[in-house]
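Sequence lines set the chain letters: A, B, ... in the order given, protein chains first and strands last, and positions in each chain run from 1. Quick caveat, the model's predicted, so the values are computed rather than measured.
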Number of protein chains: 2
Amino acid sequence: MALRHAVLAALLDGEYSGYQLAKAFDIGVANFWHAVPQQLYTELAKLEKEGLVAGRQVIQESRPNKRLFRVTDAGQAELERFAADVSKPSFIRDDLLVKVQAADRVGTGPVIEQLDERAAAADAKIELLGKLLLRLRGDVDEDEFLRTGERIGPYLTCLRGLSFEREHREWCLRIAAVLRERRTEHAER
Amino acid sequence: MALRHAVLAALLDGEYSGYQLAKAFDIGVANFWHAVPQQLYTELAKLEKEGLVAGRQVIQESRPNKRLFRVTDAGQAELERFAADVSKPSFIRDDLLVKVQAADRVGTGPVIEQLDERAAAADAKIELLGKLLLRLRGDVDEDEFLRTGERIGPYLTCLRGLSFEREHREWCLRIAAVLRERRTEHAER
DNA sequence: TCTGTCTAGTCATAGAGTTGAGTATCGGGA
DNA sequence: TCCCGATACTCAACTCTATGACTAGACAGA
């Protein structure tokens, strides 16, 4: 039940509409929680009913009206409560790893391809996160920012995302190489 | 819908009962897919109904009878098919990161504690995985094993698990240190 | 003019995952 | 003797997450 808390945490940085929140989620929050827009709309509606966020209508001229949400005091308290109780350990949950587990019992061709694609996707994400980090910390250097920055939460989670993507890329490349070599050796025999 | 495939992949290494599978999942498969026993029982029943696994009753004297499952040809084909179609990119989904995201807006005390606990848990997991890897590759060295080993799938996924846990530990320790220092500085002011 | 994309959402439903309780037998230790 | 933990499961209810199908106006480019 942490989507609600992820939403609350994301709304700490300002007012967002469901639509904007979906975008903000894609960059940033996506490092530790993924959600499609529909989920966010649903969650915002629930949170509003429970009084954890408050919405206000914004009439717009040249585009559809929207509702901006902010965290209420009750929402803040709920986050506080959430932060204090224990959370289950995290784990990777990845289709691709299922495929690799079966790797020497199924055709490796498509798996190798997907490993390459993943590595490339990770690369793209790494660059994106690098830029995001730079933007978040401004001109100061990282250690300095982490000591004195106003709002470091998002920065810290991005660091985790970055290290995850890096490791993921390295692993993908290495495994793809291993599987390739085995194919070659097999062909030679 | 990859639990079914994780189950199939796990059953590649031999016959298991639901109970044994649950254990096997805890070590090994847990690196990329987590499931509680009930899910496995349910999934095995579904897979059997669809003919992807076959079960056979084993009568036991001093303990409850059990049903051992193995992958059928149809199951093998299903895995093959699964390996070939694209899978969505993976992501971390972790309560703790939600908390860190909100870190400078909620009490950091409990969060720091949880970071420490996580680091310790990761440490334990790292040791466990190290032993598992050693057991899987036997006496040969890693590169040699990866080139010539019979069954490297589980080894490769464990490598991913290991690197994930290492990164996770490093991150937890660093973030805990950052948050601690900020508390101190705050207290001094 | 037509198509596509962006903004800004709603509704319904399927599927996946979690939680809790319950059944039954065996063997070991206090 | 009695309870605990391991083996080996089943059933039911529930929540959370994901997917697909829709609406509707504005604007940009072919």
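- Summarising the geometry, the separation between CZ on A:Arg63 and P on C:dT5 is reported as 17 Å, rounded to the nearest angstrom.
- Atom CG in B:Leu44 sits about 14 Å away from atom P in C:dG17, given to the nearest Å.
- For the pair A:Phe25 CZ and D:dA18 P, the interatomic distance rounds to 11 Å; values are reported in whole Å.
- The ring pair (Phe, Tyr, Trp, His ring centres under 6.0 Å) test applied to A:Phe82 returns A:His5, not counting sequence neighbours.
- Between A:Gln20 and A:Ser17, the side chains place a donor N or O and an acceptor N or O closer than 3.5 Å (distance only, hydrogens not considered).
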Dump every N/O contact between nucleotides 9-11 of chain D and the protein below 3.5 Å, one line per pair.
residue, atom, partner, partner atom, Å
D:dC9, OP1, B:Arg67, N, 2.4
D:dC9, OP2, B:Gly18, N, 3.4
D:dC9, OP2, B:Tyr19, N, 3.3

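- Other residues, nucleotides and ligands contribute only 12 or fewer heavy atoms inside 6.0 Å of the CD atom of B:Glu127.
- Distance, A:Gln60 CD to D:dA26 C1': 12 Å, rounded to whole Å.
- Per the geometry, CG belonging to B:Leu21 stands 15 Å off C1' belonging to D:dT7, to the nearest Å.
- Each of A:Glu61 and A:Arg4 has a nearest nucleotide on DNA chain D; the 5'-most of these lies closest to A:Arg4.
- Classification of B:Arg137 and B:Glu144 as a salt-bridged pair fails, no side-chain N sitting under 4.0 Å from a carboxylate O.
- Residue B:Lys23 places none of its side-chain N or O atoms closer than 4.0 Å to OP1 or OP2 of D:dA6.
- Ion pair B:Asp95/B:Lys99 not flagged as a salt bridge, since none of the NZ, NE, NH1 or NH2 atoms sits closer than 4.0 Å to an Asp/Glu carboxylate oxygen.
- Going from atom NE2 of B:His5 over to atom P of C:dG17 covers 12 Å, rounded to whole Å.
- In A:Arg169, the CZ atom is crowded: over 12 heavy atoms of neighbouring residues, nucleotides or ligands sit closer than 6.0 Å.
- Contacts with DNA chain D (heavy atom under 4.0 Å) in residues 80-97 of chain B: B:Lys88, B:Arg93, listed by number.
- There is no side-chain donor-acceptor pair under 3.5 Å between B:Ser163 and A:Glu170.
- Atom NZ of A:Lys46 is separated from atom C1' of C:dT10 by 16 Å (rounded to the nearest Å).
- The side-chain heavy atoms of B:Arg70 and B:Arg56, taken from C-beta on, include no pair separated by under 4.5 Å.
- Atom-to-atom, CD of A:Gln39 to C1' of C:dG9 comes out at 16 Å; the value is rounded to the nearest Å.
- Between B:Ala119 and B:Leu173, the shortest heavy-atom distance links the atoms CB-CD2, 3.6 Å.
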